[in-house]
Amino acid sequence: FGKGKTSKDKANRATVENVLDPRTIKFLRALTKRGIISEFNGCISTGKEANVYHALAGENAGGTSGELAIKIYKTSILVFKDRERYVDGEFRFRNSRSQHNPRKMIKIWAEKEFRNLKRIYMSGVVPAPQPIEVKSNVLVMEFLDRGDGAPSPRLKDYLYKDELEIARYYYKILAYIRLLYQVCRLVHADLSEYNMVVHDSKIYIIDVSQSVEPQHPMSLDFLRMDIKNVNGYFEKLGIELFQERMIFQFVIAENLEGFAGDYRNADDLVEYLVEKLPVKTPTQGVDEDDIFRSLHLVRNLGGLEERDFDRFTDGKFDLLKSLIANDRERNASSQQEQERIGTSDESSGDDSDDEISEI
Ligand code: ADP
Ligand code: MG
């Protein structure tokens, strides 16, 4: 990522412009005019739904390091079809009438990612890149860099210093899942070694467009999947794991029995985890996790479907059941509260076409 305007940059830009549609380019130009972006560079990542580019910050980009990551959602609609379930049933988007217009749908995704990122970043309890701007399908955020212009590695590509560090990251990620849930009120819903970046020796959470609030009818299933993914990744690295059911309980329990630390402090939560959570061994926790993975956790309007739980009469799942019941009550009352005081941060709801003049 050279800083000069070499012919290679121009070639880059030409390639870039080839894959970006004219509307997107207009938005980028407008961001440049406003002094958010000063120079648009090469592509860091090409994904199914979005590409991420590197850019240099303009004078109006805000308090960042001078480099930006620009995530541009592809305007082709096909891949977004199967993501509707994330927005369906999402309280914050329940009045959004744009769900069947593909271009507006993509705009909603970008806005959703921006809002989720902002919520995480502002919480100060879970590291995430600073969100800077969103306009239509273009999201501008802080660039997490390795120090030499290259992006910091995803957890998947990270070279651990030693076994101790592997375990430390595992615990930290579990604490972050809890903090996301309890403090940010979000379930990531696509958490994996691909969506965490190791930056400044810390785990940063990225890619939060599909994240949902606990009120979402599928939130507990997404949470269970996140935990399974994280455990699956660390299992391959050969460290001792906690039981997925126990991690799940650790995440959703508002109060932790015997916890004396700060509920917003990841290190305190890690200490608790290490001390209290039972590890999974070949003879312990495996069956329970199999059952746990098969439980029907979908929340319907009346609450949790409890038919599966009733199959287990040995009391092993009673705690889980009561935690889910408590969580449901808590979500129901916070939703009522949001509706009463009208603080839900849903999409502005204007269905007008956003024109460049608006930016
Ligand atoms: P996708 O939807 O394509 O998975 P992501 O948000 O996960 O999009 O971003 C794709 C990749 O781009 C990430 O795996 C990471 O390597 C890189 N990336 C994303 N955001 C940043 C950032 N703020 N700083 C540095 N690299 C980033
Ligand atoms: Mg990703």
Side-chain angles (χ1 to χ4, degrees), residues 155 163 166-182 186-193 196 212 214 216-259 261 263 266 268-300 302-331:
L155 188 60
E163 189 128 332
I166 302 177
R168 273 217 317 272
Y169 280 1
Y170 174 55
Y171 304 145
K172 206 49 150 312
I173 290 164
L174 300 182
Y176 287 161
I177 296 176
R178 180 183 159 93
L179 289 167
L180 278 177
Y181 195 84
Q182 298 290 339
L186 287 172
V187 172
H188 187 288
D190 191 20
L191 194 66
S192 74
E193 62 274 27
M196 292 183 265
V212 299
H216 189 286
M218 298 283 289
S219 67
L220 295 180
D221 291 77
F222 295 147
L223 173 61
R224 176 173 53 188
M225 191 176 69
D226 284 351
I227 293 170
K228 180 170 174 257
N229 288 345
V230 169
N231 257 20
Y233 165 74
F234 282 101
E235 184 173 24
K236 282 185 268 163
L237 297 180
I239 59 164
E240 202 162 56
L241 305 173
F242 297 122
Q243 297 172 27
E244 286 164 35
R245 174 177 60 121
M246 296 300 175
I247 300 169
F248 184 89
Q249 291 179 172
F250 163 77
V251 172
I252 70 166
E254 191 168 3
N255 298 301
L256 297 171
E257 210 181 303
F259 180 70
Y263 273 110
D268 288 2
L269 291 166
V270 164
E271 199 175 308
Y272 178 88
L273 268 173
V274 173
E275 202 174 306
K276 300 276 183 174
L277 252 59
V279 295
K280 207 164 164 170
T281 67
T283 55
Q284 194 198 338
V286 177
D287 292 347
E288 285 87 346
D289 270 358
D290 281 347
I291 296 170
F292 174 63
R293 286 179 183 185
S294 76
L295 285 174
H296 191 72
L297 299 182
V298 175
R299 284 185 229 254
N300 59 31
L304 185 78
E305 291 224 19
E306 283 170 2
R307 55 191 157 105
D308 291 331
F309 285 84
D310 296 336
R311 297 208 315 264
F312 310 107
T313 49
D314 60 358
K316 264 188 180 147
F317 288 85
D318 287 357
L319 176 60
L320 178 64
K321 199 169 155 180
S322 76
L323 286 175
I324 290 175
N326 288 347
D327 188 64
R328 185 206 311 160
E329 270 173 37
R330 184 179 168 200
N331 292 330

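Hydrogens, waters and symmetry mates are skipped; everything else that's a heavy atom, side chains included, is used. Please read these numbers as outputs of a predicted model, since none were measured by experiment.
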Visitor: Does Ile252 reach the side chain of Leu220, with side-chain heavy atoms less than 4.5 Å apart?
Guide: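 Heavy-atom side-chain distance check passes, below 4.5 Å.
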
Visitor: At what distance, to the nearest 0.5 angstrom, does NZ of Lys228 lie from CD of Glu244?
Guide: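 Here the interatomic distance stands at 7.5 Å.
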
Visitor: Donor-acceptor check, side chain of Asn229 to backbone of Leu191, threshold 3.5 angstrom: yes or no?
Guide: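 Pair found, side chain donor or acceptor close to backbone of Leu191.
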
Visitor: How long is the gap from NZ on Lys276 to CZ on Phe259, to the nearest 0.5 Å?
Guide: 10.5 Å

Visitor: Take Asn326 and Glu254, measure what side-chain contact (heavy atoms from CB on, under 4.5 Å) needs, and give me the verdict at the end.
Guide: CA-CA 8 Å; Asn326 288 347; Glu254 191 168 3; over 6 Å; no

Visitor: With sequence neighbours excluded, what pairs up with Arg178 under the side chain to side chain donor-acceptor pair (under 3.5 Å) test?
Guide: none

Visitor: Which pair of non-hydrogen atoms, one from Ala189 and one from Met225, has the smallest distance, and what is that distance?
Guide: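 Distance-wise, the nearest heavy atoms are O-CE, 3.6 Å.
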
Visitor: In Å and rounded to the nearest 0.5 Å, what is the CG to CZ distance from Asp290 to Arg245?
Guide: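 So the CG of Asp290 and the CZ of Arg245 are separated by 12.0 Å.
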
Visitor: Could you tell me whether Glu271 atom CD has more than 12 heavy atoms of other residues or ligands within 6.0 Å of it?
Guide: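 Not buried by this count: 12 neighbours or fewer within 6.0 Å.
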
Visitor: How many angstroms lie between atom CD1 of Ile227 and atom CD1 of Ile173, to the nearest 0.5 angstrom?
Guide: 12.5 Å

Visitor: Is there a side-chain contact between His188 and Met196 in this structure, where contact means two heavy atoms from C-beta onward sitting under 4.5 Å apart?
Guide: no

Visitor: What closest approach, in Å, do Pro214 and Asn331 show between heavy atoms, and which atom pair accounts for it?
Guide: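 In terms of heavy atoms, the two residues are closest at CB-OD1, 3.4 Å.
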
Visitor: For the side chain of Asp268 and the backbone of Tyr263, is there at least one donor-acceptor N/O pair under 3.5 Å apart?
Guide: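 Absent.
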
Visitor: Grab the two heavy atoms, one from Met246 and one from Pro278, that are nearest each other, plus how far apart they are.
Guide: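 In terms of heavy atoms, the two residues are closest at CG-CG, 3.7 Å.
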
Visitor: So, the side chain of Tyr170 versus the backbone of Phe242: is there a donor-acceptor pair under 3.5 Å, distance only?
Guide: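 Between the backbone of Phe242 and the side chain of Tyr170 there is a qualifying donor-acceptor contact (under 3.5 Å).
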
Visitor: What are the two closest non-hydrogen atoms of Ala266 and Tyr176, and how far apart are they?
Guide: CB-CE2, 3.8 Å

Visitor: Are the side chains of Ile324 and Leu320 in touch, meaning some heavy atoms are under 4.5 Å apart?
Guide: yes

Visitor: Would you please classify the geometry between the His216 ring and the Phe222 ring as parallel, tilted or perpendicular, with 30° and 60° separating the classes?
Guide: tilted

Visitor: Measure across Asp289 and Lys280 and return the closest heavy-atom pair with its distance rounded to 0.1 Å.
Guide: OD2-NZ, 2.8 Å

Visitor: Find out whether Lys172 and Val270 are in side-chain contact, i.e. whether some heavy atom of one side chain is under 4.5 Å from a heavy atom of the other.
Guide: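 Yes - at least one pair of side-chain heavy atoms lies under 4.5 Å apart.
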
Visitor: Given Leu269 and Leu256, is the side-chain contact (heavy atoms from CB on, under 4.5 Å) satisfied, shown in steps?
Guide: CA-CA 10 Å; Leu269 291 166; Leu256 297 171; 3.8 Å; yes

Visitor: Taking the ring of Phe292 and the ring of Phe317, is the distance between their centroids below 6.0 Å?
Guide: no

Visitor: Got a second to check how far Ile239's CD1 is from Glu163's CD, nearest 0.5 Å?
Guide: 7.5 Å

Visitor: Assess the side chains of Tyr181 and Asp327: does a donor N or O sit below 3.5 Å from an acceptor N or O?
Guide: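 A pair is found: one side chain offers a donor N or O, the other an acceptor, under 3.5 Å apart.
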
Visitor: Do the non-hydrogen side-chain atoms of Leu180 and Ile177 ever get within less than 4.5 Å of each other?
Guide: no

Visitor: Give, for atom CG of Leu323 and atom CG of Asn255, the distance between the pair rounded to the nearest 0.5 Å.
Guide: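 Here the interatomic distance stands at 10.0 Å.
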
Visitor: Any salt bridge linking Arg224 with Asp221? Criterion: basic side-chain nitrogen under 4.0 Å from a carboxylate oxygen.
Guide: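 So Arg224 pairs with Asp221 through a salt bridge.
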
Visitor: Considering only heavy atoms from C-beta outward, does the side chain of Val212 approach that of Met218 to under 4.5 Å?
Guide: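 A side-chain contact is absent here, since even the closest heavy-atom pair is not under 4.5 Å.
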
Visitor: Less than 4.5 Å apart, any side-chain heavy atom of Ile247 and any of Leu241?
Guide: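 No - every pair of side-chain heavy atoms lies 4.5 Å or more apart.
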
Visitor: Tell me the closest heavy-atom pair linking Leu319 and Gln249, and the distance in Å.
Guide: CD2-NE2, 3.5 Å

